[in-house]
Each structure stands twice: as C-alpha cells, then as structure tokens.
Number of protein chains: 2
Amino acid sequence: MQDDTSSNPCPAPLVFAMIGGKWKLSILQILIFDGTKRFGELRKAIPEITQTMLTKQLRDLERDCLVERVVYAEVPPKVEYSATEDGVGLMPAFKEMHSWWETRKRSPKAP
Amino acid sequence: MQDDTSSNPCPAPLVFAMIGGKWKLSILQILIFDGTKRFGELRKAIPEITQTMLTKQLRDLERDCLVERVVYAEVPPKVEYSATEDGVGLMPAFKEMHSWWETRKRSPKAP
DNA sequence: TACTTAAGTATCAAAACGATACTATTGGAG
DNA sequence: CTCCAATAGTATCGTTTTGATACTTAAGTA
C-alpha cells in the first residue's frame, strides 16, 4: 500500500489532502448518500459548521471535482450541490468506516 | 447511512473527529500497514510534519485508543508506536480509499 | 419605499499549526 | 571529572486556519 505495484509513490497524501479538511468528510457523506442539497440544507445538516467554512470547503471540493455546484438565476438565490461521479466513488470507503464504528461499539474496552 | 437500523444517530461526526486531524490518516496508514514504528521513524516517513504536531496527533490517537505507545527505559530514549486492534480495523477503509484513487486515475476528465 | 429570503462576502477574534530553540538522560570519549 | 552524542520530547513565538458576527445583493411583494 505504500507503493502500488507499478512503483508509483503511494497516493495517500494526495487523497488525504482532498478529503482531509475538517468538514469535508461530513459534507461528502451527506451529498453521497442523500443526494443533491441546497446550501441552506447543508447548513442545517451540519449545524456546527459556519457559513464561511461551508462555502470554503465546498469550493475546495468543487475544485477537486468531488462536488458539483449549480447556480439558479433566481431571487432569492438558489444553489445546489451534489457529489460528482468521482465523489460517489467514495461511497464504499464511507461504508467501511461506518461498519468499523459499528464493530467497534460491540467490543468495548474493559474498564 | 444517516441512521443505522436501530435509529441511532449516524456516528459520522464522531468518526471524523477521531480520524479527521490534519495528519491522523497519514500516521494511521503507516502504523496499520507497516506495523510498529519509533517516533523518529514516523518523522522520517512523514517529512512534512513537525515534531510538535507529530507528538500532539499521536497523543490524540492514543487517547482515542487507535494507537498504542510503549516507552522503553533507555538512553537515548526509545518510544514505539503501533496501531491498536481498533486502529487496524480501519484497514479496509484505507484500502477502499486506495482503490478509489486508482480507479479515478484511469478515468481522467476531458480537457 | 421598505421588507423579505438565500447565498454568499468582509472583518476581526480565537484556535490550530509551524519553525525554532531548548531540555532530559546516561554511557562512553578524552 | 567533564563533555558529547542520540532520541523524544517541551517551550516559545509567529503565521495560517477557522469561528463569530455583521454586511451585501437582488427581485418580488406589501
């Protein structure tokens, strides 16, 4: 895993930079499993995030082609976000994390 | 995935808090796939990290029972870090991330 | 005219992070 | 006896990220 078979360096740092932001996994999870969301819906879904940060992290995800942004020319404004095909490709990784947590809950440490 | 079948809230925020630090995924990956490492070896393996941050993130991971720390009473000091059983349980998630990247490389966007 | 709503910016304070220097320890060199 | 090497840290301070709050924009409505 440190190298793949073709002797490329392991992509881990690149991957972690793309999804490692403080809120990126939460945003991606919602868009991947729940589908398209408006800006305000994401804000409600992640109440702890600030508007500033949500905007910034979405821009980062958009730049990395994990999330797509569609603006409707309406007033009041309407902007929809959704996971791209690339982004949806992360679904199995999220599922693994989920089942890791579930397994973990069932084997608590002895006090 | 937002809720599991028993109607618990989705653990995503908890999971992401545990592994979401800037360097935690990198540290975990090394300990999970390469096994036990000394402090200095980790530092060499992640050249961009500062000593201060490495210490801090390792302490966080230790507190969350993902990493184990063993101090040897020697001079010069020797401290070994390894992934706990819990930590190793994340291996499938890392493998999924890896194959996501590999797949992704083979379907580049049209310019 | 003023008000409403949604999706942002702008601004400043707080927290996280980075760079660098310093500490503790002790067996061996001189 | 004194000094040094090696490792895993702390301490300190400056920079970058993040958070809290207020402000902006634009078109329809009262």
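Each chain gets a letter, A, B and so on, in the order its sequence line appears, and its residues count up from 1.
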Which heavy-atom pair separates A/Val67 from A/Tyr81 by the least distance, and what is that distance? CG1-CD2, 3.9 Å
Okay, side chain of A/Trp100, backbone of B/Asp86: is any donor-acceptor separation there less than 3.5 Å? yes
One character per nucleotide, please: for nucleotides 5-17 of chain C, 5' to 3', B when the base has a protein heavy atom closer than 4.0 Å, S when only the sugar-phosphate does, - otherwise. BBBBSB------S
What pair of heavy atoms forms the shortest contact from B/Val88 to B/Ile32, and how long is it? CA-CG1, 4.2 Å
Starting from the first five and the last five pairs of the helix from C/dT1-D/dA30 to C/dG30-D/dC1, work out the angle between the resulting helix axes, to 10 degrees. 40°
Return the value, rounded to whole Å, for the distance between atom CG of B/Leu42 and atom P of D/dT7. 14 Å
Nearest 0.5 Å, what's the CE-CG distance between A/Met91 and A/Leu28? 11.5 Å
Over all atoms of both residues, closest heavy-atom pair of A/Leu31 and A/Ala83: CB-N, 3.9 Å
Expressed in angstrom and rounded to an integer, what is the separation of B/Glu74 atom CD from D/dG9 atom C1'? 16 Å
If you look at every heavy atom in B/Ala93 and A/Glu96, which pair is closest and at what distance? CA-CB, 3.7 Å
Could you tell me which non-hydrogen atom of B/Glu41 sits nearest to which non-hydrogen atom of B/Thr36, and how far apart they are? OE1-O, 4.5 Å
Work out which heavy atom in B/Ala45 is nearest to a heavy atom in B/Ile30; give both atom names and the distance. CB-CD1, 3.6 Å
Rounded to the Å, how far apart are B/Lys44 NZ and D/dA6 P? 12 Å
Between B/Leu54 (CG) and D/dA8 (C1'), how many Å, whole number? 10 Å
